[in-house]
There are 2 protein chains.
Amino acid sequence: MEKVTEIKILEAAKKVFVDKGMDGARMQEIADQAGINKALLHYYFRTKAQLFDKIFSVAMESIFNPINESLENDGNLFTFIDTFVDNYITVLSENPHLPNFILNEINKNPERMVKLVSLNLNIAKLKQLIDEGIENQEIIPISMENFLVNIIGLCVFPILAKPLISAYFFVSENNNYNTFIQERKKNIPEFIKNALTVKN
Amino acid sequence: MEKVTEIKILEAAKKVFVDKGMDGARMQEIADQAGINKALLHYYFRTKAQLFDKIFSVAMESIFNPINESLENDGNLFTFIDTFVDNYITVLSENPHLPNFILNEINKNPERMVKLVSLNLNIAKLKQLIDEGIENQEIIPISMENFLVNIIGLCVFPILAKPLISAYFFVSENNNYNTFIQERKKNIPEFIKNALTVKN
DNA sequence: AGAAAAATTAACCAAATGGTTAAACCAGAT
DNA sequence: ATCTGGTTTAACCATTTGGTTAATTTTTCT
């Protein structure tokens, strides 16, 4: 197996699959994009499903690794919020189509897709940070699940809804969507930290 | 044109399109689900694209109308938050696949899909509520765009990510995902209102 | 009742698509 | 040089799929 060819295929497959999804993707288009014959595609990855699985699991890792990495860093809850949001919005900005790709494929085939990847979120650490904060009355009571869904949702949703946000908020002005997203690197942590802070 | 047949078709088409997306949907399956012949399907809606457009625009409306309705209600910003979140999570729980369907199709074809529907969000009203709150120093400064993306994202994202949330948070326990979502009817408003409240 | 119009179906078609096959090409080993 | 193994290709195949056609059934109108 020629490594160069395999890489060309994986790059092409990633682009086509992420753009058009499993159903919309065409093996011919992947072959074209990779600059090879369609038969060669099947020579390297026997079936469309096999090639897709490879792309999907890599995609899953590249979207979940940043979460895990941030969870492994030391520091208190508030620095976690800061670094995670900044880091994650950067990652998402670089791969803006990944979230939609992953969520869509997972929703279309939950059991299979979830089983395909074995990722273990370092949840315990986060839970500890949160519970400590609650005990010391530094933050309002909140479950780890709600906290994580909130912070990820606030980062990911605007990426998923880019066409709508652009169309309804930034009709005329052109690249304002991008600055909107980048500014959220500051806005989201501020929002969350304020939400968690105990009032008096 | 037999109205009964048209309704049967639209119901079947909605189910199949929303479940499998434009690319994954099959005209034959829609015909089967509607209990009719495939030719009859084309007799009522000439092409797959035409049928899809109908389904999509109805879907868009049913997902955006609740937003607009909440925006038109009277009351201050905090009651808006309460009623909107409660109302919207109810709507989403009843149509859990709609958000993924809409976002996916829009991302796959932004210009066309956005142009397909003409919905005018009653943004001015919300902007006024927010700006008033800021002026009276009842809430922290926040742009209408960030506020709306936050509140919608907090409601919609957990619906989009159901398979992941179920798999990683509620592995063994069965229907806990649903209670998690329903509890967010209280958690989200609390979170947002706290986030907006001025500290002293 | 019977003609005209509308609704519905079975059979069919062309294009697209995932996948296969057999031959050609090309490197390194002998 | 040529044999051998892996690599690449052109041509091909079976199936699926959106869509059409012509005939049949059902309804409507007179």
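Every chain is numbered from 1, with letters handed out A, B, ... down the list of sequences.
- Looking at B/I81, B/I188, B/L77 one by one, the single match for side chain to side chain contact (heavy atoms under 4.5 Å, CB included) with B/K193 turns out to be B/I81.
- Looking only at atom types and distance, the side chain of B/Q182 has a donor-acceptor partner in the side chain of B/K185 under 3.5 Å away.
- Judged by distance alone, the side chains of A/T79 and A/N76 do bring a donor and an acceptor atom under 3.5 Å apart.
- Side-chain to base pairing of A/K38 with C/dG18: one donor and one acceptor N or O lie within less than 3.5 Å of each other.
- Between the CG atom of B/D32 and the P atom of C/dT9 there is a distance of 11 Å, rounded to whole Å.
- With rounding to whole Å, A/Y44 atom OH is found 20 Å from C/dG18 atom P.
- Taking a 4.0 Å limit (strictly below) on heavy-atom distances, residues 1-26 of chain A reaches DNA chain D at A/M1, A/E2, A/T5.
- A straight line from CD1 of A/I30 to C1' of C/dG19 spans 14 Å, rounded to a whole angstrom.
- Donor-acceptor pairing under 3.5 Å is lacking for the side chains of A/N194 and A/T197.
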Per-pair distances, 0.1 Å, donor-acceptor, side chain in residues 58-69 of chain B, under 3.5 Å, sequence neighbours excluded:
unit_1, atom_1, unit_2, atom_2, d
B/S62, OG, B/V58, O, 3.4
B/S62, OG, B/A59, O, 3.0
B/N68, OD1, B/N122, N, 2.9
B/N68, ND2, B/N120, O, 3.1

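- Atom NE2 in A/H42 sits roughly 12 Å away from atom P in C/dT21 (whole-Å rounding).
- With a cutoff of under 4.0 Å to any heavy atom of chain B, the contacted region of DNA chain D is bounded 5' to 3' by D/dT17 to D/dT21.
- B/F147 and B/F80 have tilted rings, their planes meeting at an angle from 30° to 60° on a 0 to 90° scale.
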Next on the checklist: One pair to check against ring-ring contact (aromatic ring centres under 6.0 Å, His included): A/F170 and A/F180. What are the steps and the verdict?
Outcome noted: CA-CA 10 Å; A/F170 309 119; A/F180 174 73; 5.6 Å; yes
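- A straight line from CD1 of A/I36 to C1' of C/dC25 spans 16 Å, rounded to a whole angstrom.
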Next on the checklist: With side chain to side chain contact (heavy atoms under 4.5 Å, CB included) as the criterion, how do B/F101 and A/N107 come out once you've worked through the C-alpha distance, each side chain's angles and the decisive distance to 0.1 Å?
Outcome noted: CA-CA 10 Å; B/F101 169 66; A/N107 270 299; over 6 Å; no
